[in-house]
S.K.: 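What follows is a single structure, and I will ask about it in a moment.
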Amino acid sequence: MSEDFLQQDVRYVKGVGEKRADVWAEQHGVRTVHDLLRFYPRRYLDRTTVTPVRRLQEGPDSVTVVGTVRSVNVVPGNNQKRLEIILEGEQGGRMKGTWFQGVWWVRKAFDEGDRLAFHGTVEKYGRWHSMTHPDFDRLNDEGPLLDTGRIVPLYPGGEAMSNVGLTSRTVRRVLYDLFKEHGLKLTETMPDWIMDGYDLMEGRVALRAIHFPKTQQELSRARRRLKFEELFFIQLLLAQMHEQQEEVAGPAFDDPGAYTREFVREVLPFELTGAQTRALREIIGDVQTGTQMNRLLQGDVGSGKTVVAVAAMMHAYDSGYQSAFMAPTEILAEQHHANLQDYLQPLGLEPRLLIGSQTKAEREAALQAVRSGASPVAVGTHALIQDEVAFDRLGLAVVDEQHRFGVAQRAEMFEKGERPHMLLMTATPIPRSLALTLYGDLDVSKIDEMPPGRKPVETRLRAEKRRGEVYAFLNDRLEQGEQAFVVYPLVEESEKMDLKDAESGAQELQEKFPDYTVGLVHGQLSADDKDATMRRFKEGDIDLLVATTVIEVGVDVPNATVMLVEHAERFGLSQLHQLRGRVGRSDQQSYCVLMASYKRSQEAKQRLEAMARTNDGFEISETDLQIRGAGDFFGTRQSGMPDLKIADLTEDDEILEVAREAAFALIEKDPHLRADEHERLRRRYQEDYAEHGLGFARVG
Ligand code: ADP
Ligand code: MG
C-alpha cells in the first residue's frame with residue numbers, strides 16, 4: 001500500500017460502497033484507507049477472555065460472557081420499570097442483563113434467539129447473577145466463536161452500522177480482503193533506533209495483528225506499538241512547539257512593590273498558607289525573567305487560588321502592567337468581579353467587568369477604563385479577548401477553570417499582539433498523563449494545603465424515602481443560624497422542565513420551613529437578579545438558597561454549611577465535587593447530602609460512591625477520568641484533548657513516558673528527519689489531531 005493508496009476514499013474499497021462508506025464516515029470518522037486500518041477492534045473474544053455463564057461470580061472487575069437470549073421482559077417496579085434479558089451461556093447456565101434506562105429502546109433492539117456478548121460487572125440478586133446496563137455486542141452473524149481457538153475481534157458498531165450490514169464480521173471481511181489484495185507494503189514511520197531502542201513491532205505487522213491476532217502475545221505487542229505511535233506523534237508535535245517556544249519574550253516585571261505588599265499584609269485578613277506562598281513565589285520568579293510565563297495553578301476548590309492570582313495581579317500593577325481575568329461563564333465573571341472589588345477597593349483600585357450582557361454605556365465606560373490604563377484589572381469571559389478590548393499595557397492573563405475554555409479561544413489570546421504572562425487556574429487536578437498530552441510542558445504550581453481550620457465536609461448519600469430525615473437535619477442546621485444550598489440539575493435540552501423542578505422545590509421548601517427565607521436563583525434570571533439574590537444569601541437575608549447549577553463554582557458563603565443536591569445521579573463527578581466545595585469554607589462542620597433515586601446506572605453509582613469515599617480532589621479527578629475516559633473528561637473538542645484511537649491515558653502512562661522521551665530525543669538527534677520526514681508526518685498528524693488544537697501552551 002502506498003501513501004496515495006492510504007488516502008483513497010474508503011467507498012472504493014472492496015466490500016464497502018457508497019452507503020456503507022457514508023455511515024462509516026458519519027458514525028466513526030472512517031473516510032480513507034488510512035482511517036480504515038485504524039478502525040480498531042473494541043474488544044476481542046477468545047477462550048481466555050470470555051467467562052462461562054455458569055462460572056460467573058460477583059465482583060468489581062468487568063467480565064465478558066457470550067450467550068443466547070432466552071427472554072426479553074419489561075418488569076414493572078415501584079418507581080421505575082426495568083427491562084430484563086435472560087441470557088443462556090454457550091455452555092449452559094443463565095444470567096440476567098438489566099436496564100433501567102432506555103427500556104423501550106433496548107426492548108426493541110433484542111429478540112429471543114439473538115446471540116450476544118455482554119460486558120460488565122456482575123452482581124448477585126437472589127439466585128441470579130446480573131449485569132446492569134451491560135455493554136453488548138451482537139454476534140448473530142458470527143459462526144461458532146469460542147470453540148475454534150481463534151481470537152475474534154469485535155468492532156465498534158451501533159444501530160446505524162448494522163442497518164447497512166457493517167457488523168464485526170463484515171468489517172473483518174473487508175479488512176481481510178484489503179490486506180490480501182494490497183499486501184502490507186506500508187512504509188515504516190519510526191526510525192530504526194527508536195524501533196530497536198523501544199523494542200517496537202513493525203508498524204505494518206502491528207496493523208495486521210491488531211485486526212487478525214494469532215496469539216494474545218502478538219496482540220499485546222501490536223497494541224503497544226500502535227499506542228506508542230499514537231502518543232509519539234502527539235509528543236513530537238509538542239516537542240516541536242516546545243522548541244520553538246523557548247524564546248518567547250514576555251514582559252519583565254520588577255520586584256513586587258507596594259500594591260503587592262499591601263494586599264498581602266493589609267487587605268487579606270489572614271496569612272497565606274505555606275502552599276500559597278510557595279505558588280506565589282514561583283509566579284514571581286517566572287514573571288521577572290523576561291520570558292513568557294505559562295503556569296498552571298492547581299488547587300482544590302477553596303484552597304485559595306484566587307487569592308494567589310490577585311497577588312500576582314498586584315505584582316503586575318506594581319510593575320506598570322494590567323491584568324485580564326477570565327472566567328468560563330458570565331456569572332462566574334461577575335462573582336470574580338465582586339470578589340476583586342472587595343480585595344482592590346481598600347487599595348483604591350477598581351477592577352472593571354466586561355461581559356456580553358452589559359448595557360452599551362456600562363461596556364463603553366469599562367472599555368475606556370481598560371484602554372486608558374486607569375483600571376488595573378479587566379474581568380470577563382472570553383469577550384475579553386475579542387478584538388475591541390484593547391489594554392493599555394497587558395502584562396498578565398489569568399484564566400480560571402481553564403479546561404472549560406475552548407482551545408481556539410485560548411489560541412486567540414496569543415494573537416492579540418501582546419504576549420502576557422499566562423496563569424491558568426484549575427480546581428480539577430489534572431493527572432500527569434493528561435496534562436502532558438494537553439499541554440506538553442506547562443509549569444505547575446500546586447496548592448496542596450487548605451487554609452487552616454477547615455473541617456472536611458461530611459458527605460451522605462440518601463434515597464428518597466429518607467427525605468423526612470434529611471429535612472429534619474436541615475432544620476437543625478438552620479436553627480443553629482447556618483445556611484444551606486439546595487441544588488437542582490439543569491439539563492440543557494429541557495431547561496424549562498428542570499426550572500419547574502427547582503421552582504416547585506423552592507415552594508415546597510418554603511412551606512416546610514415557614515420560619516426561614518427561601519431564595520431561588522437560576523440561569524434564566526437576569527444578571528442583576530441573580531446577583532441580587534446571591535448577595536442576599538451572602539449577607540444572610542436568605543437562609544436556604546435553591547439553585548440550578550449556576551452556583552457550581554465561585555460563590556463564597558462561609559456560613560453555608562449544607563449542600564443538598566437533588567437528583568445527584570444526574571451530575572458529573574467533578575461537578576459534584578465542585579458543588580461540595582461551596583461548603584466547608586469556614587471552621588464550622590459542613591455537610592453534603594446527595595439525594596439520588598435508588599435505581600442508578602453503574603456509572604452513577606461509581607460517581608456517588610466516589611463522593612462518599614473521598615474529599616480529595618485529586619482522587620476524584622482520577623476516578624472521573626477512569627469512569628468517563630479521557631475524551632469525555634474534558635470534552636474532546638472543547639478541551640483540545642486529542643481523539644485517541646487506541647492509547648488510553650488512564651492506563652498507558654508508561655508508554656506515554658517512553659513515547660515522550662523518544663519524541664524529544666528525535667528532535668535533538670535527527671535534524672534530517674525533522675526537516676523532511678518529520679515535516680510530512682507532522683502535517684498528517686496535525687490534520688488528525690491539531691485541528692482540535694493540540695496543546696496550546698506557548699503556541700505561536
Ligand atoms: P479558590 O479560588 O481556590 O477556590 P479562594 O481563593 O476563592 O479559593 O479562597 C477560598 C476562601 O478561602 C475565600 O473565602 C478566601 O478568603 C479564603 N482563604 C484563602 N486563603 C486563605 C488563607 N490562607 N487563610 C484563610 N482563608 C483563606
Ligand atoms: Mg475559585
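Numbering of residues begins at 1 and proceeds along the displayed sequence. Counting convention: from 1, in listed order, for ligands and their atoms alike.
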S.K.: Would you mind telling me if ligand 1 is within reach of the side chain of Met425, the backbone, both or neither, using heavy atoms under 4.0 Å?
M.R.: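 For Met425, there is no contact with ligand 1 at all, from either part.
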S.K.: Going by the atom numbers of ligand 1, which of them fall below 4.0 Å from some non-hydrogen atom of Gly304?
M.R.: 1 (P), 3 (O), 5 (P), 6 (O), 8 (O), 9 (O), 19 (C)
S.K.: N/O to N/O below 3.5 Å, does that happen between Phe270 and ligand 1?
M.R.: no
S.K.: Output the list of atoms in ligand 1 that are nearer than 4.0 Å to some heavy atom of Tyr343, sorted by atom number.
M.R.: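 Atoms satisfying the 4.0 Å criterion: 16 (O).
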S.K.: Can you tell me how far apart CG (Leu424) and CG (Leu296) are? Round to the nearest 0.5 Å.
M.R.: 6.0 Å
S.K.: Under the criterion ring pair (Phe, Tyr, Trp, His ring centres under 6.0 Å), I'd like the reasoning laid out for Phe513 against Tyr471: C-alpha separation, chi angles, the key distance, then a yes or no.
M.R.: CA-CA 9 Å; Phe513 299 97; Tyr471 280 172; 5.8 Å; yes
S.K.: Angle between ring planes, Phe325 versus His336, binned at 30° and 60°: parallel, tilted or perpendicular?
M.R.: tilted
S.K.: Based purely on interatomic distance, does Val307 place a nitrogen or oxygen under 3.5 Å from a nitrogen or oxygen of ligand 1?
M.R.: yes
S.K.: Which bit of Gln298 gets closer than 4.0 Å to ligand 1, counting heavy atoms only: side chain, backbone, both or neither?
M.R.: neither
S.K.: Could you check whether any heavy atom of Arg454 sits closer than 4.0 Å to an atom of ligand 1, since that is the contact criterion I want to use?
M.R.: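 True for this residue.
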S.K.: Closer than 4.0 Å to some heavy atom of Glu271 - which atoms of ligand 1 meet that?
M.R.: 22 (C), 23 (N), 24 (N)
S.K.: At what distance, to the nearest 0.5 angstrom, does CG of Asp543 lie from CD of Gln510?
M.R.: 9.0 Å
S.K.: Tell me whether ligand 1 is touched by Asp300 - counting only heavy atoms on the residue side and a distance under 4.0 Å.
M.R.: yes
S.K.: Please check whether Gly302 reaches ligand 1 - meaning an N/O of the residue sits under 3.5 Å from an N/O of the ligand, judged on distance alone.
M.R.: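 There is such a contact, yes.
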S.K.: May I ask you to list the atoms of ligand 1 that are less than 4.0 angstrom from any heavy atom of Ser303?
M.R.: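 So the answer, numbered in order with elements, is 3 (O), 8 (O).
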S.K.: Can you list the atoms of ligand 1 that are under 4.0 Å from a heavy atom of Arg585?
M.R.: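 What qualifies from ligand 1 is 4 (O), 10 (C), 11 (C).
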S.K.: What is the minimum heavy-atom distance between Thr548 and Ala502, and which atoms define it?
M.R.: CG2-CB, 4.1 Å
S.K.: In chain order, what residues pass the ring-ring contact (aromatic ring centres under 6.0 Å, His included) check against Phe270, with sequence neighbours excluded?
M.R.: none
S.K.: Should you measure from each heavy atom of Thr273, which atoms of ligand 1 turn up under 4.0 Å away?
M.R.: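 It comes down to these atoms of ligand 1: 23 (N).
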S.K.: Spell out, as yes or no, whether a donor-acceptor pair under 3.5 Å connects the side chain of Asp300 to the backbone of Gly617.
M.R.: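 Such a contact is found between Asp300 side chain and Gly617 backbone.
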S.K.: Under the criterion ring pair (Phe, Tyr, Trp, His ring centres under 6.0 Å), I'd like the reasoning laid out for His421 against Phe253: C-alpha separation, chi angles, the key distance, then a yes or no.
M.R.: CA-CA 10 Å; His421 295 295; Phe253 289 5; 5.0 Å; yes
